[in-house]
Structures are given as structure tokens and as C-alpha cells.
Amino acid sequence: MILRFHAAVRAALTDTLLRLYSLEPAAVPAIVLEAPPTRAMGDLACPVAFELARRLRKAPRAIAAEIVAALGSIPGVTRTVAAPNGYVNMFFDRTAVVRRALGAATEAPPADEPLLPAEKTIVEHTAINPNKAAHIGHLRNTTLGDTLVRLLRHGGVPVEVQNYIDDTGVQVADVVVGFEHLEHKTLDDVRAIADSTRFDYYCWDLYARVTEWYDADRARVAVRSATLHAIEHGGNDTAALGAFIADRIVRAHLATMARLNVDYDLLTWEGDILRLKFWATAFDLLRESGTMFKQTEGKLAGCWVMPIDDDPTGVPALGDVPAETGATTAAPEALAAEAGDEPREKVIVRSDGTVTYVGKDIAYQYWKLGLLGKDFHYRPFGTRLAGDTLWATTTTPGGDRPGRPAFGQAHAVYNVIDTRQSYLQKLLKQALATLGHRAEAERSTHFSYEMVALSHRTARELGYTGQDESKPWVEVSGRKGLGVKADDLLDRMIAKARVEVEARNPAMTGDESTRTATMLGVSAVRYFLIKFTRTKMIAFDMDDALAFEGESGPYLQYSVVRAQNIFAKLAARDGITEDDLGARLASLPADALDPGDEGDALWQLALEAARLDEVVVQAIRSLEPAILAKYAFGLAQTFNAVYHRFPILNEEREAHRLWRAGVISAYRRQLTAALGLMGIDVPARM
């Protein structure tokens with residue numbers, strides 16, 4: 001909301017500079033707005049006088065005085081002063097800000113404060129291998145990706161959310177190997193298992209057993225290669241088994257992510273990229289341009305490789321992670337079996353003809369940006385959280401419906417993948433840039449993040465023994481079967497939350513305590529995974545995440561509930577609801593907001609609450625959701641200080657009582673909206 005006032009200030013300053021100094025529009029310097037060091041100095045500070053000092057050959061202080069003298073009235077601003085240091089400082093109309101907050105607390109930024117171009121953007125996140133249950137590491141990807149989607153949409157950017165399904169990769173092949181070679185199961189046998197067990201959990205254990213089977217005799221890895229070939233080729237029993245496993249596991253993953261309020265528009269299946277010859281088209285483009293060539297000697301003889309450039313586009317992409325944050329250039333496990341890469345070449349197609357996943361990713365990235373000249377067929381796959389259709393790609397025509405959304409053809413793409421894939425994501429940009437698509441390469445962003453481990457306390461609670469206490473966290477490995485399944489984590493968090501909820505609310509019904517505990521458990525997980533910067537490795541701790549005090553999701557929820565309780569009591573005692581406040585305050589004096597102890601405290605809360613849209617801008621431009629999390633926590637702390645110092649119900653002066661209520665209403669709306677941007681709901685009571 002505050003950006004509406006910023007826009008008015010910028011417009012007034014720009015107009016004044018044009019008139020006062022006869023500047024051409026292109027010569028007007030950028031109008032930067034800052035927060036003064038102290039509230040006594042103003043609510044906004046503009047250093048534009050410093051930008052003009054050399055050009056006008058005047059001291060900044062003199063220019064600031066001229067600007068202030070020439071400025072007319074600005075909506076929402078009561079006073080403008082030229083500071084001795086040369087800044088132009090402004091004081092907001094406190095009553096105007098609060099009144100606007102009561103009428104439009106969750107509005108998006110104005111058109112003249114663009115976050116990003118309002119052009120179609122694809123965010124691809126989650127992308128869990130469909131071979132076993134989702135684990136805690138996957139939740140960081142999904143939570144960050146979903147929060148990015150919510151931020152972009154709040155900023156007016158049309159977003160298409162895609163979930164890439166690697167149904168032809170080695171991980172699915174390994175589970176197929178487990179069923180066919182360790183358990184000797186047919187497709188019908190596996191169907192029966194899937195119908196009678198928690199299938200994603202069953203495959204979790206089987207996947208770990210297959211890893212042990214390989215480790216016992218490395219020659220068995222040849223079975224994986226043969227299985228992978230069969231899956232990629234299709235039309236055989238092995239491929240049918242792989243397709244069934246992937247479908248069932250994906251549905252389990254979707255159910256897990258729905259518990260976290262996460263949704264998708266399109267599931268993109270890797271097998272369709274191969275069967276519809278997307279890769280063949282991309283292969284021809286790369287080969288004909290010389291971007292990729294066939295190696296004839298050395299360890300990579302027979303492989304199609306891409307020479308590696310240090311800087312594919314000439315400019316770093318927003319969100320790329322520098323090497324010192326933990327990005328690695330190690331080849332993925334699937335490529336390690338190729339006997340390793342030469343130092344400056346990357347395998348795109350292995351010597352046995354199978355395509356590495358970076359090759360398939362190149363074709364996929366071309367399609368996302370509308371550069372491939374081909375499209376998928378589409379089929380309904382399920383129902384989204386809002387009740388509309390979740391779509392999936394397919395190779396078979398005939399499943400489409402009129403009115404289906406148009407997929408792909410994006411202006412910009414964000415790929416949410418961990419830092420270990422930074423190197424391969426740069427290859428995608430290189431493939432675009434070397435074919436002349438430099439602008440598209442620059443709009444292809446690797447939204448990276450570091451890994452998730454467990455705190456020692458949480459690992460002990462989950463039953464892990466033999467921890468290396470010399471390390472600050474406990475590392476987990478899905479391949480070894482050591483990890484926390486996402487659903488198990490959510491179940492445990494919800495159960496722990498329910499104990500707390502029932503202790504605080506003994507009269508609460510079972511259904512309500514379950515709903516409340518679920519909101520708290522989801523909040524605890526999501527906020528913990530968002531509050532750390534993306535490039536920081538984190539150790540998940542259940543007790544810290546679920547704490548009702550401190551920097552946690554439940555603490556923020558409780559702060560909103562506390563504000564809700566004020567209005568419930570105000571309505572019961574005085575018959576005044578939140579919806580009534582705007583009309584009531586219109587006829588009441590605003591002495592409560594005047595400078596002074598009470599007025600400054602209320603104004604600090606109101607102004608901070610009004611900054612949500614500004615924070616959204618910062619979070620998007622820096623691609624750092626932690627900025628939003630930190631803002632929400634600070635806002636809740638500011639509210640709690642005001643809540644204890646300036647009670648509402650015990651205040652006898654009506655005007656002061658209702659202005660305090662108005663400020664707290666603005667706070668409640670804004671913090672609720674901030675939590676919503678993090679995928680967190682607020683219960684009615686806690």
C-alpha cells in the first residue's frame with residue numbers, strides 16, 4: 001500500500017524538477033526514496049539533490065531548499081523539509097495512511113511501481129523424482145518455489161506453475177530394477193502392492209535396497225543401464241512398469257504438497273519430451289550450430305558433448321548462486337557412470353545413446369520459452385486445490401478440452417533447483433545464448449537454494465542413532481533410506497501442535513483442534529524453510545519451528561489471533577466491528593496519532609504494516625523470500641509492543657480507543673496477507 005504514496009511523491013518530485021530546472025524528461029535523475037535514520041527527521045528521505053549538485057553547480061542543501069520551496073501539495077504528505085545534509089525529507093499524513101489501510105490493506109503495488117514486466121512467467125518447482133516418498137529436502141524446494149509464485153502473482157505477474165516429472169531417469173529405473181530383479185514382480189503384482197500399501201513408502205525402502213544391491217556388486221549397474229534403455233524406448237513391460245510406478249508416486253507427491261497448500265498448473269513428463277522428439281529437435285539445433293559435437297577420442301569417445309563456457313551470457317542471471325555459496329561443478333550421479341567428463345566438455349548424449357538429463361532440460365527450456373516450434377498434447381490429470389483442472393502433458397492426442405489454458409510461450413522462466421545444479425543450469429543458458437537467444441538466456445533464472453539437514457535434537461527424536469556430534473547437523477540421504485519423509489514430518493508436527501492447542505483450549509472440539517493443529521504444523525514447516533536465506537544450509541529443528549515464542553510461524557499466527565480477539569471483544573462489548581471502523585473514524589479527531597509517545601508508537605505500527613507491498617518488491621527483485629519472513633516477524637514484534645503498552649478495551653477515550661483499533665486492524669490485515677504469501681493460514685483461535 002505504501003507504494004501508492006511513494007508513486008505520488010515521485011510524480012510530484014519529477015514534475016517539480018522538470019519545471020524548476022528546465023530539464024528534459026530523460027535527464028531527470030532516478031527518484032530514490034529512503035527511510036530517515038529517525039522518525040523525527042521524517043517518514044521518507046530523497047537524496048535527489050546530491051544527484052543534481054554537479055550538474056547545477058550548487059550545494060545539495062541549496063538544491064533541496066529550492067525543491068521544497070517549489071513543491072506543491074502531495075496527496076498523503078503533510079510536510080516537506082530541506083534537511084541540513086541536503087536530503088528532501090517528507091512526513092506522511094498519518095490519518096490518510098491508516099484510513100487507506102482500512103480500505104485497501106492488501107492491494108497490489110501500483111502500475112508505476114512494476115515488480116517485473118507483467119508478461120507470462122513460468123516457475124518450475126518441486127520436480128521430485130517419482131520413485132519414492134517426498135522428503136524434507138524436497139519441502140524446501142517446494143516451499144520456496146510456491147512462495148516465489150505467490151510473490152510474483154501479488155505483484156501482478158501472470159505465472160504458470162509447472163512440476164517436471166522425471167519419469168525416464170535412473171531413479172525410476174532403480175525402483176523398476178528392484179521390483180523386477182530383487183522381488184521378481186510383474187506389473188499386476190506391483191498394482192496389487194500399490195493398492196494395498198502406502199506405495200511411496202514401500203518404494204522408499206525398495207530404492208534403498210537396490211542401492212545396497214548395486215554396492216554389493218558394481219557389475220549390477222549394467223542392469224540399471226538396460227532398464228533405463230527399455231524405459232526410454234517404451235512399448236515393453238519394463239516401460240509399462242516404470243510408467244505405473246511414476247504415476248502412482250506422483251499422485252502421492254501431489255497429495256503431500258496439497259497438505260502444504262501447494263498447487264500446480266501443469267505436470268510436464270520427461271518421457272513426453274523424448275517421445276514427441278523435443279530432444280531430437282533441440283539436438284539438431286545444437287549440432288548444426290556447432291554448440292555440441294561428437295567426441296571421437298579419450299574417455300568420452302562416442303559421446304555428444306558441449307564445450308563449457310565460463311560465462312554463457314556475459315551477464316549473471318538474477319538469482320544465480322556464486323561458487324562460494326556452495327554451488328558445485330560435480331557431475332550428477334547419472335553421468336558419473338560415463339567414466340567422467342573431460343575438464344572443459346559436458347556429456348549431453350552418452351556413448352550408449354541415452355540422453356543425459358541436461359540434454360532433456362535443454363529441450364524443455366527451449367519449449368518453455370516458445371523457441372522449439374513444437375508442443376505437447378495435454379490431458380486432465382487431476383483436480384487442483386481451487387477445484388479446476390490440473391493438466392499434464394501427454395504424447396497421445398484426444399484428451400484435450402475446450403478452454404484449456406495455453407501452456408509454455410513464457411517471457412521469463414525460473415527453475416527452482418538446489419545449488420548442486422548451478423553448473424548444469426548455466427549450461428541451459430549457454431545453449432540458449434550460443435544459438436542467438438541471449439535475451440531469453442538472461443531471462444532464464446536458476447532460483448537456487450542450499451540443502452536441508454536435521455538438528456541433532458530432531459534427529460534423536462526421530463530415532464537416528466550414532467550421530468557424529470562433531471558436525472553441526474545430521475545429513476540425510478534418500479538413496480540410503482536415511483531421511484525424514486515429508487508426510488511423517490507433517491504428521492509429527494501436527495501431533496505436537498495438537499497437544500499444545502488442546503492444553504490451551506480444553507473446550508475446543510476435536511475437529512477444530514485438528515484444523516488448528518494442522519494450520520500450526522504447516523505454518524511451522526513453511527516458515528522455518530523460508531526464514532533462512534536461500535544460500536544458507538539449514539538444520540531443521542522441530543521444536544524451534546513449532547515454538548509459540550520467537551521467530552516461528554506459530555508465533556506469527558498467534559499474533560494475528562491476538563488481534564482478532566480484540567475485535568471479537570470490541571464487537572461483543574461495544575457492537576463495533578472491523579468493518580465499522582472506517583466510517584466511525586471519519587468523524588473522530590485523530591489526536592491519538594499526533595506526535596508523542598502514543599502517536600509515534602501507533603504510527604510506527606501503521607507505517608510498518610503499510611510497507612507490505614514495498615517488501616514484496618524487495619523480495620522479488622532480490623529473489624529472497626526470507627525478506628518477507630523477516631518483515632512479518634518484525635511487524636508482529638512491533639504489534640506486540642503496542643498491544644502491551646496501549647490497550648484498546650480499557651481505553652476510556654472513544655477516539656483514542658477506535659484509532660488504536662484502526663491501526664491494529666490495518667496490522668492484522670497486512671500480517672494475514674504476508675502469511676498468505678508464504679502459504680500460511682491463520683486459525684480462528686489458538
**Request:** Please assess Arg251 against Asp247 for the test salt bridge (charged side-chain N to carboxylate O under 4.0 Å, His left out), listing each intermediate value before the final yes or no.
**Result:** CA-CA 6 Å; Arg251 294 183 187 279; Asp247 180 90; 3.0 Å; yes

#### Entry: Pair Gln171-Tyr207, side-chain donor/acceptor within less than 3.5 Å
no

- Query: Do we see a donor-acceptor contact under 3.5 Å between the side chains of Thr535 and Glu450?
  - Reply: no

**Prompt:** What class does the angle between the rings of Phe179 and Tyr202 fall in, given that below 30° is parallel, 30 to 60° is tilted and above 60° is perpendicular?
**Reply:** parallel

Margin query: Can you confirm whether the side chains of Asn640 and Arg562 place a donor and an acceptor under 3.5 Å from each other?
Written below: yes

For this session: Could you label the plane-to-plane angle of the His253 and His138 rings as parallel, tilted or perpendicular, counting under 30° as parallel and over 60° as perpendicular?
Result: tilted

Exercise for the section: List the steps and the verdict of side-chain hydrogen bond (donor to acceptor under 3.5 Å, both in side chains) for Glu124 and Tyr414. Expected result: CA-CA 6 Å; Glu124 178 212 328; Tyr414 294 87; over 6 Å; no

Would you please say whether a donor-acceptor pair under 3.5 Å links the side chains of Asn415 and Gln425?
yes

*Measure from NZ or CZ of Arg534 to the centre of the six-membered ring of Phe447 and say whether it is under 6.0 Å with the direction within 45° of the ring axis.*
yes

Only one of Asp491, Asp487, Asp205 passes salt bridge (Lys or Arg N to Asp or Glu O under 4.0 Å) with Arg198, and that residue is Asp487

Look at Asp43 together with Arg39 and state whether they make a salt bridge at an N to O cut-off of under 4.0 Å. yes

Can you check whether Tyr555 and Phe633 have ring centres sitting under 6.0 Å from each other?
-> yes

Discussion item. For Trp269 and Asp166, which I'm curious about, is there any donor-acceptor pair between the side chains at under 3.5 Å?
Written reply: no

Check whether the side chains of Thr126 and Asn163 place a donor and an acceptor atom closer than 3.5 Å, and report yes or no.
no

### Query
For Glu578 and Ser665, does a side-chain donor sit closer than 3.5 Å to a side-chain acceptor?
yes

Heavy-atom closest pair (Ala386 atom, Asp263 atom, distance to 0.1 Å) is N-OD2, 4.0 Å

Worksheet item: Would you call Arg611 and Glu608 a salt bridge, taking side-chain N to carboxylate O under 4.0 Å as the test?
Response: yes

Please examine the side chains of Thr147 and Leu677, heavy atoms only from C-beta on, and report whether any two atoms are closer than 4.5 Å.
no

**Q.** Check against salt bridge (charged side-chain N to carboxylate O under 4.0 Å, His left out), Glu512 and Arg685
**A.** CA-CA 9 Å; Glu512 186 180 1; Arg685 55 179 176 152; 2.9 Å; yes

When Asp200, Ile193, Asp195 are each screened for side-chain contact (heavy atoms from CB on, under 4.5 Å) with Arg248, the one that passes is Asp195

- Task: Answer yes when Glu500 and Lys496 have at least one side-chain N-carboxylate O distance shorter than 4.0 Å, and no when they do not.
- Result: no

Check your understanding: Is there a side-chain contact between Arg660 and Val642 (heavy atoms, below 4.5 Å)?
Key -> no

Show the numbers, then the answer: is there a ring pair (Phe, Tyr, Trp, His ring centres under 6.0 Å) between Tyr264 and His125? CA-CA 9 Å; Tyr264 311 90; His125 68 76; 5.3 Å; yes

| Is Arg492 salt-bridged to Asp488, cutoff N-O under 4.0 Å? | no

Of Asp146, Thr143, Thr142, the one forming a side-chain hydrogen bond (donor to acceptor under 3.5 Å, both in side chains) with Arg526 is Asp146

Does NZ or CZ of Arg504 fall inside the cone over Tyr558's six-membered ring, less than 6.0 Å from its centre and within 45° of the axis? yes

Donor on one side chain, acceptor on other, Thr419 and Ser422, under 3.5 Å: no

- [ ] Please test Arg457 against Asp543 for salt bridge (charged side-chain N to carboxylate O under 4.0 Å, His left out), starting from the C-alpha separation and ending with a verdict.
- [x] CA-CA 9 Å; Arg457 177 170 61 181; Asp543 290 338; 3.7 Å; yes

